[in-house]
Amino acid sequence: CGGVVTVTMYYKDQCVNSSVTRSFGIGSDPVYVTKNGSDYVGEACDFTDTAGIVAAYLDWLTIFQPHGGCAKTLDDYEISTGVEVPDDLPGLCGGTVTVVYTASSKICPGTGSDTKTGTFTINAPPFTLTKPDDFEASACDYTDQSGVDAEFSTWLGQFSVSGGCDDAEGEFAEQYEAPDLCGGSVVVTYNYTSRCEEGSVTRTFTITAPEEVAYGNPEDYEESMCEFEDQAAIISAFSKWLDEQIGTITPTGGCQPVLNFDYDSNDIPAMCGEGGSITVVFTITDKCLTPIELPAIFTITPAPEFVIN
């Protein structure tokens, strides 16, 4: 194991009395560790069980080799760290452990120790979850329910998973239908699994209802026949009244509300007759709106009875 012995020899005779000193040394054999390889990086998907990872770890450890210390075999060394399988050894879902390999000699403890470090890494299986953002649009953006259905179907198609160890799967929690054209929300839950991933994601698809349609109410008209010179004057008054009611009603809000009106022109009161009334029905229609009917009456009262005394 090394060391030095110093020997002194004394001698004398009748004329000499002296000594001589000499040393005998055996050089030490210090312990050192070599790392004959690189850190380990493996893929989780290359293993089917943890036993395979343990075997790969133990095989990788052989890159560390102790030398010196007058040892003849590996059993002649005290390997303090690195030989046992660590509790935090990466599993089938990946991870990294740092190994500190320290060796000293059992044969010659005085020859010191040496340490080398390395890392054993298992890369986790790749996993990608694709999901859309919450969706919100106005009912006014669509012509009919089929447009909403198509939008919803396209949106659902944005949920997907890939990766794992070719075992990633995803499915909806139930079968979903698009909300109504005239407004509503659907909360969608998408579940996913793979070797190392499991969970769910929730998103909401919303169609906002149109604003409420606002409108004014028409006013009835009544005037005496005596106020008109002829039938043309009555027709002119009717046309003017009709235009005024259209302006008063003018619907707003909704998507694109439309105002229509209907009447029988034969009902316009005649001059010099018994007077009469004509009813005009104004109708407001719009997407998602139950048609609103607003009747208004144009009346011409007859002239007072002509009396001869």
Side-chain angles (χ1 to χ4, degrees), residues 1-2 27-133 158-173 189-203:
C1 296
S28 65
D29 185 17
V31 172
Y32 64 97
V33 176
T34 58
K35 181 182 177 182
N36 304 314
S38 59
D39 293 338
Y40 182 92
V41 179
E43 301 299 325
C45 292
D46 292 337
F47 300 93
T48 57
D49 51 35
T50 54
I53 294 177
V54 170
Y57 173 77
L58 294 176
D59 181 64
W60 171 73
L61 275 183
T62 60
I63 70 171
F64 297 97
Q65 293 293 323
H67 305 275
C70 298
K72 302 300 183 183
T73 68
L74 188 61
D75 291 337
D76 293 336
Y77 292 98
E78 184 73 37
I79 309 298
S80 61
T81 304
V83 174
E84 299 296 330
V85 176
D87 292 337
D88 56 350
L89 183 71
L92 291 173
C93 292
T96 296
V97 63
T98 298
V99 173
V100 180
Y101 190 99
T102 301
S104 60
S105 175
K106 297 177 182 178
I107 305 300
C108 296
T111 53
S113 64
D114 191 26
T115 297
K116 290 290 186 295
T117 61
T119 56
F120 181 89
T121 300
I122 300 296
N123 287 331
F127 181 82
T128 301
L129 169 65
T130 302
K131 55 191 181 299
D133 295 329
Q158 297 178 44
F159 290 89
S160 67
V161 291
S162 61
C165 296
D166 295 327
D167 61 350
E169 294 183 352
E171 63 178 2
F172 294 106
T189 298
Y190 183 78
N191 301 319
Y192 57 86
T193 60
S194 73
R195 176 194 283 189
C196 302
E197 301 286 344
E198 181 176 359
S200 63
V201 60
T202 299
R203 292 292 184 268

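The structure displayed is predicted, hence computed values, not measured ones.
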* Atom CD in Gln158, atom CG in Asp133: separation rounded to 0.5 Å? -> 8.5 Å
* **Inter-residue atom distance Thr73.OG1 - Ile107.CD1, 0.5 Å rounding** => 7.5 Å
* Structure fact -> So NZ of Lys72 and OG of Ser105: to nearest 0.5 Å the spacing works out to 10.5 Å
* Taking all non-hydrogen atoms of both residues, which atom of Cys165 and which atom of Arg195 are closest, and how far apart? -> SG-CZ, 3.6 Å
* To do: Could you tell me which non-hydrogen atom of Val33 sits nearest to which non-hydrogen atom of Lys116, and how far apart they are?
  => O-NZ, 2.9 Å
* **Closest approach of Ala168 to Phe127 (non-hydrogen atoms, all atoms of both residues)** => CB-CE1, 4.0 Å
* **Distance, nearest 0.5 Å, that separates CD1 of Ile79 from CG of Leu74** => 5.5 Å
* Which value, rounded to the nearest 0.5 Å, describes the distance between Ile122 atom CD1 and Leu92 atom CG? -> 9.0 Å
* Lys35 versus Thr117, closest heavy-atom pair with distance -> NZ-O, 3.0 Å
* Asked: What are the two closest non-hydrogen atoms of Asp39 and Trp60, and how far apart are they?
  -> C-NE1, 3.9 Å
* Rounded to the nearest 0.5 Å, what's the gap from CD on Gln65 to OH on Tyr101? Could you check? => 6.5 Å
* Least distance between heavy atoms, Asn123 atom then Glu43 atom -> ND2-OE2, 2.9 Å
* Asked: Listed by chain and number, what are the ring pair (Phe, Tyr, Trp, His ring centres under 6.0 Å) partners of Tyr190, not counting sequence neighbours?
  -> Phe159, Phe172
* To do: With side-chain contact (heavy atoms from CB on, under 4.5 Å) as the test, would you mind laying out the steps for Val99 and Tyr57 before giving the verdict?
  => CA-CA 10 Å; Val99 173; Tyr57 173 77; 3.5 Å; yes
* Criterion side-chain contact (heavy atoms from CB on, under 4.5 Å) against Val97, the qualifying member of Asp87, Leu89, Val85 -> Leu89
* Assess the side chains of Ser113 and Ser104: does a donor N or O sit below 3.5 Å from an acceptor N or O? => no
